[in-house]
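Working notes, structure below.
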2 protein chains.
Amino acid sequence: MDTLETRELKYFMAVAEELHFGRAAERLGMAQPPLSRAIQQLERRLDVCLLERNRRGVSLTGAGEVLLREGRAALDATTAAVRRTRRAGGTDSAGGHRNRLVLAVKAAASHELLQKLLDAYAVEPDAAEIEVLPGGTCEQEEMLRDGRADVALMHSPYDSLAGFDSEELLTEGQIAILPAGHPLAAHKTLSLADISDIPDLPLARWPRHGTYPPGPGPEIHDQTQLAQLIALGRTMAVFPDSARAWLWAEHTAVPLTDAHPIVTHIAWPPHSRSLALAGLIRTAAQL
Amino acid sequence: MDTLETRELKYFMAVAEELHFGRAAERLGMAQPPLSRAIQQLERRLDVCLLERNRRGVSLTGAGEVLLREGRAALDATTAAVRRTRRAGGTDSAGGHRNRLVLAVKAAASHELLQKLLDAYAVEPDAAEIEVLPGGTCEQEEMLRDGRADVALMHSPYDSLAGFDSEELLTEGQIAILPAGHPLAAHKTLSLADISDIPDLPLARWPRHGTYPPGPGPEIHDQTQLAQLIALGRTMAVFPDSARAWLWAEHTAVPLTDAHPIVTHIAWPPHSRSLALAGLIRTAAQL
DNA sequence: CCCTGTCATACCTGGTGGGTATCACTGACG
DNA sequence: CGTCAGTGATACCCACCAGGTATGACAGGG
């Protein structure tokens, strides 16, 4: 009896994330009692206690935490299988565009490298069609894991390359982007200590998974907003060197001496067997 | 409608591997008609043609091949989730042995490195109990993928490290193990060309996934058998250098000049978060 | 031309996933 | 200290569908 249906796994993930049967059931679009029963059956079948039902709420046991982590990977693998299968099938029998790669990139990342890559790949003899899929901060990892993308440009150490194959493409230092008139902008270089917790220039907050982290900085959701707020002297930002490409006249870039370098990788799922993907990776490695 | 139940995936995998509904149904312990229907429903739901039903047999479409590959990974991830959850739960609530790592090793691999690793780890302050799980050729990868093991010693280039995190532990050359009396045993070194297709010393065949590859050599399933057959002058073998440890008086080891070196890695699933595992890896890296 | 092997169709049934109503329990609050 | 709100568990019911059996359609081989 070591079977685990996708449906049950979804149920458990919902409960494990909400830590509340009612809300989890609502999120799943079902009533609470069947959900309770399903989780009980699951625990009985696996012969494992997954949740600690304290009165007033639910908490995860050790085994529950393991299943939360491993189950996420399993669910991602399953939805990835579906997505990639549909794409492979697509207009398949109708002889449609079978050769197509989805490349996930960070919207805020350097266009220069991407442009070079796309140009270099386009002249390859067996070039597939590349669909560029821009995403938010750290979303590339997720897109690669759940099959929305076939290959991604990722930025270590922000993105985790764990579980992917990858090639290093580019290493660059980081710069602080400051309002041109700010006192700090006069420095030739800065250290991280210099720019942390400056009251008049709080770091802006990007949404991650739809919610904003707490903090004093303004909430933003695109690069233009950020550029404008910096120009207005309301905030500052830390970016890889290549961000100089989009600076305004009202901005000043100051190199950071002690920030870790940003390494851009091209990454892909480890068992990919597509010729088109292999070509793209070869092209990238030769840049 | 992008859902895919584990059960359906199992069904598809069976059909895709057998390429025959009747045999697949038998393997699944069910009748053929429901299986046919399930696959049809799956194809309709995904809106993808997975199988080409030629009269006289079945073949995979492109999309079917994708699902076979991705689905294997998804199923492995699911069973891994179950296995690791059960292990984490185990005698959990009863306060039993929660700290336990399963280490997959090749039965035929060098005991020297393994011994050093286990000894070094045993003295760690937070050392978990290590269960050594010996497996056949290239089985480590499978065991790590489907959760039977938490960590493994693998041997590149034989094992694929794709999708795992790993650390290099040891690089060694390869030797030919010959009957002491054989003419070739007199050489100081040999090349791969020297020892390929020698009529009186055909390479022995190990089972892989329960079946033996075709060839002239004897079928064996353990190292002692192999040692005996070499001693009897019936076969020869190619092994990493550390195999010298178990040679008999009737054996002669001759270095191979042009065989690729064997690199032993310690490998683990990329998203592991166990403290015990981290300790073992740290210990291994310091050997 | 029939027989065999293959997958698809038709139909039936039992198990079960899901719904509603309700219970049992606990902590908060007047 | 009684009441109430909020939680998860239980009881019961129904519809749906997974799976079985019987059979059909169709191709290839003797």
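Below, chains carry the letters A, B, ... as their sequence lines are ordered, and counting in each starts from 1.
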Between [N] ([atom2]) and [X] ([atom1]): distance, integer Å:
| X | N | atom1 | atom2 | answer |
| --- | --- | --- | --- | --- |
| L35(A) | dA9(D) | CG | C1' | 12 Å |
| E43(B) | dC7(C) | CD | C1' | 12 Å |
| F21(A) | dG18(C) | CZ | P | 15 Å |
| E26(B) | dT6(C) | CD | P | 11 Å |
| L42(A) | dG17(C) | CG | P | 11 Å |
| F12(A) | dG17(C) | CZ | P | 18 Å |
| E5(A) | dT16(C) | CD | C1' | 13 Å |
| H20(A) | dA5(D) | NE2 | C1' | 12 Å |

Given dA8(C), is OP1 or OP2 found less than 4.0 Å from the side-chain N or O atoms of S36(B)?
yes
Side chain [X], main chain [Y], donor-acceptor under 3.5 Å:
| X | Y | result |
| --- | --- | --- |
| Q225(B) | H221(B) | yes |
| R234(A) | L229(A) | no |
| E5(A) | E5(B) | no |

Using residues 149-159 of chain B as the side-chain source, report each donor-acceptor pair under 3.5 Å to any protein atom, sequence neighbours left out, with the distance given to one decimal.
| from | atom 1 | to | atom 2 | distance (Å) |
| --- | --- | --- | --- | --- |
| D150(B) | OD1 | R87(B) | NH2 | 2.5 |
| D150(B) | OD2 | R87(B) | NH2 | 3.0 |
| D150(B) | OD2 | V102(B) | N | 2.9 |
| H155(B) | ND1 | T264(B) | OG1 | 3.3 |
| Y158(B) | OH | Q174(B) | OE1 | 3.4 |
| D159(B) | OD2 | K106(B) | NZ | 3.3 |
| D159(B) | OD2 | H155(B) | N | 2.8 |

Would you mind building the protein contact string for nucleotides 17-23 of chain D? One character per nucleotide, 5' to 3', B for base within reach (heavy atoms under 4.0 Å), S for sugar-phosphate only, - for untouched.
-BBBBB-
side-chain hydrogen bond (donor to acceptor under 3.5 Å, both in side chains) partners for T6(B), two or more places apart
T6(A)
What are the two closest heavy atoms between D146(A) and R83(A), and how far apart are they?
O-NH1, 2.7 Å
